[in-house]
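The figures here come from the full heavy-atom set of this structure, side chains too, leaving out hydrogens, waters and symmetry mates.
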Amino acid sequence: MPEEYRHARSGAEGAGLLHGRRPVSPRPEDTHGSGGVGPLREDAVKRARGTALVATALCVASLCVIIISIASGPRLLNPFTMDRETCRTLLAIRLPRTAAALLMGGALGASGAILQGIFRNPLADPYILGISSGASLAASFGLMFGLSLFALSVPLLAFLGAIATGVAVVILGRGWKGLQPDRLLLAGVGVGFFLSALLMLVMTISVDDGLRRAILWMSGDLSLVDWGLLPVGFLFILAGLGLAVARRKGLNALTLGDDIAYSLGFNPARERLALFIAASLMTAASVALGGVVGFIGLVVPHVVRRHVGSDAAVVLPLSVVAGGTLLCVADAVGRTVAAPLELPAGVIAALIGSPYFIFLLGRRRIC
């Protein structure tokens with residue numbers, strides 16, 4: 001076995017990233033301890049128990065938040081007095097909004113974890129690649145110029161705009177070695193700025209009513225969500241998440257660098273393309289469901305990694321749960337704190353997430 005391969009392999013396994021665990025054969029000098037279990041195995045057991053505890057606590061918190069989100073709003077729903085009006089409000093408004101918040105937040109949380117891994121950049125988030133700009137531009141045309149011919153036309157335009165932008169970024173981000181992280185990042189930033197400029201131009205020449213609706217949509221307003229949007233969005237998010245989980249070992253390898261990924265048998269360009277497609281699908285579906293919601297994809301992966309480590313097999317599903325929970329909280333607060341006025345969930349999410357991100361940065365838990 002080549003010397004550099006041996007060092008790379010041991011480094012990856014020592015970090016617990018490639019397979020999500022430490023080597024199962026500790027050194028003889030490490031096998032002392034109670035019951036003959038060595039420090040390495042004791043450490044692995046403690047980490048597994050800690051991860052299980054964090055996952056359980058997060059799921060319980062998420063369930064409580066879902067119940068509170070369904071009940072809260074301009075009018076508090078009492079589950080013990082379910083009259084006809086309460087049932088109509090529950091089925092037509094509260095449940096689809098809560099489901100959309102869970103799907104959107106989960107998709108953004110997982111996308112942020114993927115992009116921070118493939119770029120090895122703690123500041124990467126789902127919107128840094130210009131996908132939200134493409135979706136916003138396409139949806140704004142429908143909102144501001146009366147192109148919404150049927151109920152799903154604006155989400156469909158947003159999804160098509162996001163996918164078209166993702167394809168353009170991939171084409172521009174390919175170098176002679178394939179998809180390169182630096183070229184991909186620069187292509188996303190450049191395309192995003194260009195589309196944002198076009199969006200500002202469109203907004204300046206639009207009518208007032210369409211402009212207001214476009215601004216609310218770009219602020220992450222979930223008031224227009226209905227059941228018709230959710231099945232298709234769920235399928236695309238599920239497809240993206242499934243692809244990311246299937247390539248979790250490649251994501252772990254990419255976080256160690258392209259050279260180590262090569263030595264471990266992965267093709268960095270191919271892995272990066274597959275993971276980028278997964279993140280793009282989830283981000284596009286999220287934007288199409290309820291508009292642009294910032295900061296969740298940036299903050300949630302940092303919070304999850306701080307408590308459970310960096311193994312993608314654990315970080316991805318927990319980022320889904322944590323992201324969905326955070327956006328549910330933001331939506332519930334937005335429609336309750338200033339009732340009957342509703343504040344966009346994207347604004348509340350940024351107000352919640354940005355102080356915590358600054359706190360982490362001050363504690364040097366990032367970068």
Side-chain angles (χ1 to χ4, degrees), residues 65 69 72-73 93-94 96-112 115 123-140 142-144 154-155 157-159 161-162 165 192 195-196 199-200 203 211-226 229-230 233 237 279 282-303 319-320 322-339 341-358:
V65 166
S69 176
S72 62
I93 300 176
R94 300 287 175 84
R97 286 188 68 160
T98 301
L102 288 172
L103 289 175
M104 292 173 60
L108 294 174
S111 298
L115 296 176
L123 298 180
D125 76 332
Y127 298 136
I128 200 171
L129 297 178
I131 295 174
S132 64
S133 299
S136 299
L137 179 61
S140 297
L143 289 169
M144 292 186 291
V154 171
L157 287 172
F159 184 80
T165 305
L195 295 178
S196 295
L199 178 60
M200 293 300 105
M203 292 175 67
L211 178 61
R212 182 180 181 278
R213 289 187 296 161
I215 291 176
L216 285 175
W217 189 86
M218 289 186 292
S219 301
D221 181 41
L222 303 182
S223 60
L224 299 179
V225 172
D226 59 43
L229 299 173
L230 298 180
I237 292 173
M282 289 189 286
T283 303
S286 172
V287 175
L289 280 175
V292 179
V293 177
F295 246 96
I296 288 182
L298 180 63
V299 174
V300 166
H302 289 292
V303 177
S319 294
V320 171
T325 303
L326 177 57
L327 191 54
C328 265
V329 171
D331 184 46
V333 171
R335 65 173 183 259
T336 304
V337 68
L341 178 66
E342 286 195 13
L343 304 178
V347 174
I348 302 299
L351 291 175
I352 294 174
S354 53
Y356 188 74
F357 185 80
I358 294 172

I'd like to know whether Leu289 forms a side-chain contact (heavy atoms from CB on, under 4.5 Å) with Leu103, so could you lay out the CA-CA distance, the side-chain angles of the two residues, the decisive distance to 0.1 Å, and finally the verdict. CA-CA 9 Å; Leu289 280 175; Leu103 289 175; 4.0 Å; yes

Answer whether the closest heavy-atom distance between the side chains of Val225 and Leu230 falls below 4.5 Å. yes

May I ask you to test the Ile131-Val287 pair for a side-chain heavy-atom distance under 4.5 Å? no

Mind listing the closest non-hydrogen atom pair of Gly334 and Ile348 along with its distance? CA-CG1, 3.9 Å

According to salt bridge (charged side-chain N to carboxylate O under 4.0 Å, His left out), does anything in residues 341-358 pair up with another residue at least two apart or in another chain? List the pairs. Arg97-Glu342

Suppose we screen for side-chain contact (heavy atoms from CB on, under 4.5 Å). Which residues come up paired with Leu326, at least two apart in sequence or across chains? Ile296, Val300, Ile352

Under the side-chain contact (heavy atoms from CB on, under 4.5 Å) test, residues paired with Ser111 that sit two or more places apart: Pro126, Ala279, Met282, Thr283

Taking the side chain as C-beta and beyond, is there a heavy-atom pair between Leu108 and Val293 under 4.5 Å? yes

Can you name the salt bridge (Lys or Arg N to Asp or Glu O under 4.0 Å) partners of Arg335, sequence neighbours left out? Asp331

Minimum heavy-atom separation for Gly112 and Pro301, please, with both atom names. C-CG, 3.6 Å

Non-hydrogen atoms of Gly161 and Ala138 that approach each other most closely: CA-CB, 3.9 Å

Quick one: pull up CG in Leu157 and CG in Leu137 and give me the separation to the nearest 0.5 Å. 10.5 Å

With sequence neighbours excluded, tell me which residues meet side-chain contact (heavy atoms from CB on, under 4.5 Å) with Val299. Phe295, Val303, Tyr356, Phe357

Determine whether Leu102 and Cys328 make a side-chain contact, defined as any pair of heavy atoms from C-beta on separated by less than 4.5 Å. yes

Taken in chain and number order and not counting sequence neighbours, the residues that satisfy side chain to side chain donor-acceptor pair (under 3.5 Å) with Ser132 are none

Kindly give the heavy-atom pair with the smallest separation between Gly297 and Asp125, and that separation in Å. C-CB, 4.2 Å

Here the pair of heavy atoms bringing Val320 nearest to Ala110 is CG2-CB, 3.8 Å

Please report the C-alpha distance between Ile237 and Met104 in whole Å, then the side-chain angles of each, then the deciding distance to 0.1 Å, and finally whether the side-chain contact (heavy atoms from CB on, under 4.5 Å) criterion is met. CA-CA 9 Å; Ile237 292 173; Met104 292 173 60; over 6 Å; no

If I compare all heavy atoms of Ser69 with all of Ala332, which pair ends up nearest, and what's the gap? CA-CB, 4.1 Å

With sequence neighbours excluded, residues passing side chain to side chain donor-acceptor pair (under 3.5 Å) with Ser196: Ser133

